[in-house]
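Structure first, then comments.
None of the values given here were measured: they were computed from a predicted structure. All chains are named by letter (A, B, ...) in the order of the sequence lines, taking the proteins before the strands, and each is independently numbered beginning at 1.
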There are 2 protein chains.
Amino acid sequence: MQRVFEALASSVRRQILALLSHAELSAGDIASRFKISKPSISQHLSILEAAGLVASERRGQFVFYRLVRENLVNTLDGYVQQVCPVRRPLRKESATRAAKATPLSEG
Amino acid sequence: MQRVFEALASSVRRQILALLSHAELSAGDIASRFKISKPSISQHLSILEAAGLVASERRGQFVFYRLVRENLVNTLDGYVQQVCPVRRPLRKESATRAAKATPLSEG
DNA sequence: TTAGCAGTTAGCGCAATGCCTAAATACCAT
DNA sequence: ATGGTATTTAGGCATTGCGCTAACTGCTAA
């Protein structure tokens with residue numbers, strides 16, 4: 001969780017995740033979309049991977065990165081629930097509980 | 001948004017928000033729950049306030065801080081939607097869309 | 001005004017971050 | 001093996017972040 005929030009603290013890294021939300025991309029493809037150097041992007045990718053927000057797979061010369069939505073959503077949702085007690089989560093399991101829509105101090 | 005994610009990158013600040021999710025607290029009350037010094041907590045609070053995640057109000061000698069849930073939830077939700085296209089948001093307005101539960105690449 | 005508590009601001013030291021270039025590694029093709 | 005492309009690792013440097021103590025401001029109470 002600490003790693004996830006640290007990873008998300010960087011604008012570049014958030015943009016990378018946004019890119020990967022559309023499609024799997026190679027490290028080079030990702031780097032080409034930013035002004036900063038390839039090694040810097042590689043470093044960002046390794047931070048994202050350490051946080052479990054992306055996964056990588058080498059195919060031939062290329063290393064493809066894909067978004068791991070589950071971890072992103074679970075982590076953010078988990079924290080939001082901690083801070084907005086028993087509010088509607090944004091994950092599937094509890095579409096039922098969502099119906100109750102518990103108003104708390106802001107209702 | 002940048003400010004919000006930067007604010008959330010610190011464990012202490014996330015804990016402060018969690019504290020404030022239960023009740024409004026004075027700066028001193030908050031500080032007393034951590035090992036770090038009062039000035040440091042004050043600095044954390046000002047970062048949270050700059051990010052719009054908390055609001056402060058002086059009452060007599062005390063400065064009370066309260067959580068601004070809206071901004072926290074809106075920001076996290078907004079980014080999640082950017083990354084998990086047209087996924088179920090975790091805010092109220094669209095309890096309707098939540099029923100549809102759009103499966104995407106992880107369905 | 002003086003004393004005292006609550007909180008913030010100022011300034012310092014240290015560790016971590018983020019960028020870079022250069023060099024190394026991994027793979028493909030010849 | 002050799003050369004070329006893709007990516008990561010290593011090392012350096014400037015900036016930022018986070019903790020501290022000391023000093024300052026705001027309020028209450030005599």
Side-chain angles (χ1 to χ4, degrees), chain A residues 1-20 22-68 72 75 79, chain B residues 1-20 22-68 72 75 79:
Chain A
M1 159 130 156
Q2 176 60 30
R3 278 184 221 270
V4 170
F5 278 107
E6 272 170 10
L8 293 175
S10 151
S11 163
V12 169
R13 289 193 291 263
R14 288 195 307 277
Q15 288 174 53
I16 290 175
L17 294 182
L19 273 182
L20 292 175
H22 304 302
E24 194 174 70
L25 290 173
S26 74
D29 275 347
I30 295 169
S32 71
R33 278 152 166 105
F34 293 89
K35 291 196 162 180
I36 65 184
S37 71
K38 236 191 280 211
S40 296
I41 292 293
S42 179
Q43 175 64 6
H44 283 303
L45 287 170
S46 81
I47 287 169
L48 288 170
E49 186 162 27
L53 294 175
V54 304
S56 68
E57 183 193 353
R58 175 170 279 261
R59 286 206 289 277
Q61 278 174 292
F62 303 89
V63 176
F64 287 92
Y65 284 86
R66 68 176 180 82
L67 182 60
V68 179
L72 173 61
T75 302
Y79 181 68
Chain B
M1 160 128 156
Q2 177 60 31
R3 278 186 223 269
V4 169
F5 277 108
E6 270 170 11
L8 292 175
S10 151
S11 162
V12 168
R13 289 192 290 265
R14 288 196 307 277
Q15 289 173 54
I16 290 175
L17 294 182
L19 273 180
L20 292 175
H22 303 303
E24 195 174 67
L25 291 173
S26 73
D29 275 347
I30 296 168
S32 71
R33 278 153 166 103
F34 293 89
K35 292 198 163 180
I36 65 184
S37 72
K38 232 191 279 213
S40 296
I41 292 292
S42 180
Q43 175 64 5
H44 283 304
L45 286 169
S46 82
I47 287 169
L48 288 170
E49 187 163 28
L53 295 175
V54 304
S56 67
E57 185 193 351
R58 174 171 280 261
R59 286 207 288 277
Q61 276 175 294
F62 302 89
V63 176
F64 287 92
Y65 284 86
R66 70 177 178 81
L67 181 60
V68 179
L72 174 60
T75 302
Y79 181 68

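- By the side-chain hydrogen bond (donor to acceptor under 3.5 Å, both in side chains) test, B:Q15 is found to be paired with B:S11, residues two or more places apart in sequence or in another chain being considered.
- Checked against side-chain contact (heavy atoms from CB on, under 4.5 Å), A:V63 has the following partners two or more places apart in sequence or in another chain: A:S56, A:R58, A:Y65.
- Under the salt bridge (charged side-chain N to carboxylate O under 4.0 Å, His left out) criterion, A:E49 pairs with no residue, sequence neighbours left out.
- Nucleic acid contact class of A:R59 (heavy atoms, under 4.0 Å, all strands): none.
- The residue B:Y65 sits close only to the backbone: its heavy atoms come under 4.0 Å of sugar-phosphate atoms, none of a base.
- First and last contacting nucleotides of DNA chain C toward chain B (any atom under 4.0 angstrom from a heavy atom, 5' to 3' order): C:dG4 to C:dT9.
- Considering only residues two or more places apart in sequence or on other chains, A:S10 meets the side-chain contact (heavy atoms from CB on, under 4.5 Å) condition with A:V12, A:R13, A:H44.
- In the 5' to 3' direction, nucleotides of DNA chain D lying under 4.0 Å from heavy atoms of chain B begin and end at D:dC18 to D:dT28.
- Residue whose closest nucleotide on DNA chain C sits further toward the 5' end, between A:K38 and A:E6: A:E6.
- In this structure A:F64 satisfies the ring pair (Phe, Tyr, Trp, His ring centres under 6.0 Å) test with no other residue, sequence neighbours excluded.
- For A:A55, the side-chain contact (heavy atoms from CB on, under 4.5 Å) partners are A:R66, A:V68, not counting sequence neighbours.
- In terms of position along DNA chain C, the nucleotide closest to A:K35 lies nearer the 5' end than the nucleotide closest to the other residue of the pair A:R58 and A:K35.
- When heavy atoms are screened at a 4.0 angstrom cut-off, B:F64 is found touching no nucleic acid atom at all.
- The minimum heavy-atom distance between A:A31 and A:K38, with the atom names listed, is CB-CG, 3.5 Å.
- The side-chain hydrogen bond (donor to acceptor under 3.5 Å, both in side chains) test applied to B:T75 returns B:N71, not counting sequence neighbours.
- Legend: residues meeting side-chain hydrogen bond (donor to acceptor under 3.5 Å, both in side chains) with B:E6, ordered by chain and number and at least two apart, are B:Q2.
- Legend: residues meeting side-chain contact (heavy atoms from CB on, under 4.5 Å) with A:S37, ordered by chain and number and at least two apart, are A:P39, A:S40.
- Nearest heavy atom pair, residue A:L45 against residue A:V54, reads O-CG2, 4.0 Å.
- Contact check of residues 43-50 of chain A against DNA chain D (heavy atom, cut-off under 4.0 Å) returns no residues at all.
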